[in-house]
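What follows is a structure written as structure tokens; I'll ask about it next.
All heavy atoms count here, side chains included; hydrogens, waters and symmetry mates do not. Note that the structure is predicted; figures quoted are calculated from it, not measured.
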Protein chains: 2
Amino acid sequence: MGNDFSYKDKKVITIGIVRELTGLSERQIRYYEERKLIFPERSPGGSRKYSFSDVELLMEIANKIEDGIQTHEIRKQMLKEQKKQSQDEIRRKMIQGQLNAQFGIRKN
Amino acid sequence: MGNDFSYKDKKVITIGIVRELTGLSERQIRYYEERKLIFPERSPGGSRKYSFSDVELLMEIANKIEDGIQTHEIRKQMLKEQKKQSQDEIRRKMIQGQLNAQFGIRKN
DNA sequence: CGTGTAAGGAATTCTGACACG
DNA sequence: CGTGTAAGGAATTCTGACACG
């Protein structure tokens, strides 16, 4: 149910590669984490690991920073976005649930 | 024309992550490269970088090794596979070319 | 043939801090 | 506030070689 995720959300990219992909400095990338805009995983040794989704998100963040939006403001925007998305998710599931109840379970 | 590739073929994964994803030792991963079964890119400093496709390929290789197939044999199989695929690609393009010639250019 | 390992070095990453503003 | 930088240390990766078989 739901394509969920495959490669795009696997946290496998080290910060040096992210630097190359985004053009951001490691300092910037770590700072955005400090401001709770991005959430890499960690290797056993402590190295940060990012996903392709994270890379995309970092580029969006960079754009907003360039537009003069502060990290605090960006964070609020992102939280609002997340809330909207989870509500959509709930609606989708409720509708799907009703369909299943009426017509039986089928994939998708 | 052709979905080509997106994330799956981007070489962004370091050998330590590949080790975790595949369960292979770094020694094994490097050895399969030495035997020309896998072709990582390199960072400026010399570190190997793999794609998700590489990870999948490594797991197939590992299976064959377990079945007692030698690297040299695996390499021959892979070359044969590649030849078949590129021939399919050529046929596909020729047919597409004829269609374009008769009915004009359109996407896909 | 395929893999483990110890060796030494180089590249990569980490944190906390100072600086500027 | 957002970012650069030098500092010191730790984790990561690299190569070439010896070993076993």
Exercise. Going from CG on B/L37 to CG on B/L57, what distance comes out if it is rounded to the nearest 0.5 angstrom?
Worked result: 7.5 Å
For this session: Inspect the contact between B/E60 and B/K64 and indicate whether a charged nitrogen and a carboxylate oxygen are less than 4.0 angstrom apart.
Result: no
Exercise. For A/R19 and C/dT13, what is the distance between atoms CZ and C1' respectively, to the nearest whole Å?
Worked result: 11 Å
Exercise. Atom CG of B/L58 to atom C1' of C/dG2: distance rounded to whole Å?
Worked result: 15 Å
For this session: Starting from P on C/dT13, measure out to CD1 on B/I17 and report it in whole angstrom.
Result: 11 Å
Exercise. How about B/I65 and B/Y32: do any of their side-chain heavy atoms sit closer than 4.5 Å?
Worked result: yes
Seminar exercise, completed: On DNA chain C, more 5' by nearest nucleotide between B/T14 and B/Y31 is B/Y31
Problem set entry | Polar side chain donor-acceptor pair, B/Y31 to B/R35, under 3.5 angstrom | yes
Problem set entry | 5'-to-3' dot-bracket of DNA chain D (Watson-Crick, G-U; under 3.5 angstrom; crossing pairs as [ ]; | other strand) | .||||.||.|.|.||.||||.
Problem set entry | side chain to side chain donor-acceptor pair (under 3.5 Å) partners of A/R19, counting only residues at least two apart | A/E26
Exercise. When you measure from every atom of DNA chain D, which of residues 66-73 of chain A have a heavy atom less than 4.0 Å away?
Worked result: A/Q70, A/T71
Exercise. Rounded to whole angstroms, how far apart are CD1 on A/I13 and C1' on D/dT12?
Worked result: 17 Å
Pairs under 3.5 Å (N/O, protein and nucleotides 14-18 of chain C):
| from | atom 1 | to | atom 2 | distance (Å) |
| --- | --- | --- | --- | --- |
| C/dC14 | OP1 | A/R48 | N | 2.6 |
| C/dC14 | OP1 | A/R48 | NE | 3.0 |
| C/dC14 | OP2 | A/R30 | NE | 3.2 |
| C/dC14 | OP2 | A/R30 | NH2 | 2.9 |
| C/dT15 | OP1 | A/R42 | NH1 | 3.0 |
| C/dT15 | OP1 | A/R42 | NH2 | 3.2 |
| C/dT15 | OP2 | A/R48 | NH2 | 2.2 |

Exercise. Would you say the side chains of B/S51 and B/D9 form a donor-acceptor pair under 3.5 Å?
Worked result: no
Problem set entry | Heavy-atom pair of closest approach, residues B/F52 and A/K10 | CZ-CB, 3.8 Å
For this session: List for me each residue that meets side-chain contact (heavy atoms from CB on, under 4.5 Å) alongside A/Q85, sequence neighbours excluded, and say none if there are none.
Result: A/E81
Problem set entry | Separation of D/dG4 P from A/I29 CD1 (nearest whole Å) | 10 Å
Exercise. Is the closest basic N to carboxylate O distance between A/E89 and A/R92 below 4.0 Å?
Worked result: yes
Seminar exercise, completed: What one should report as the nearest heavy-atom pair of A/I29 and A/L58 is CG2-CD1, 4.2 Å
Problem set entry | Closest listed nucleotide, where the reference is the side chain of B/S43 and the choices are C/dT12, C/dG2, D/dT3 | C/dT12
Problem set entry | Set of residues satisfying side-chain contact (heavy atoms from CB on, under 4.5 Å) with respect to B/Q87, sequence neighbours excluded | B/K83, B/R91
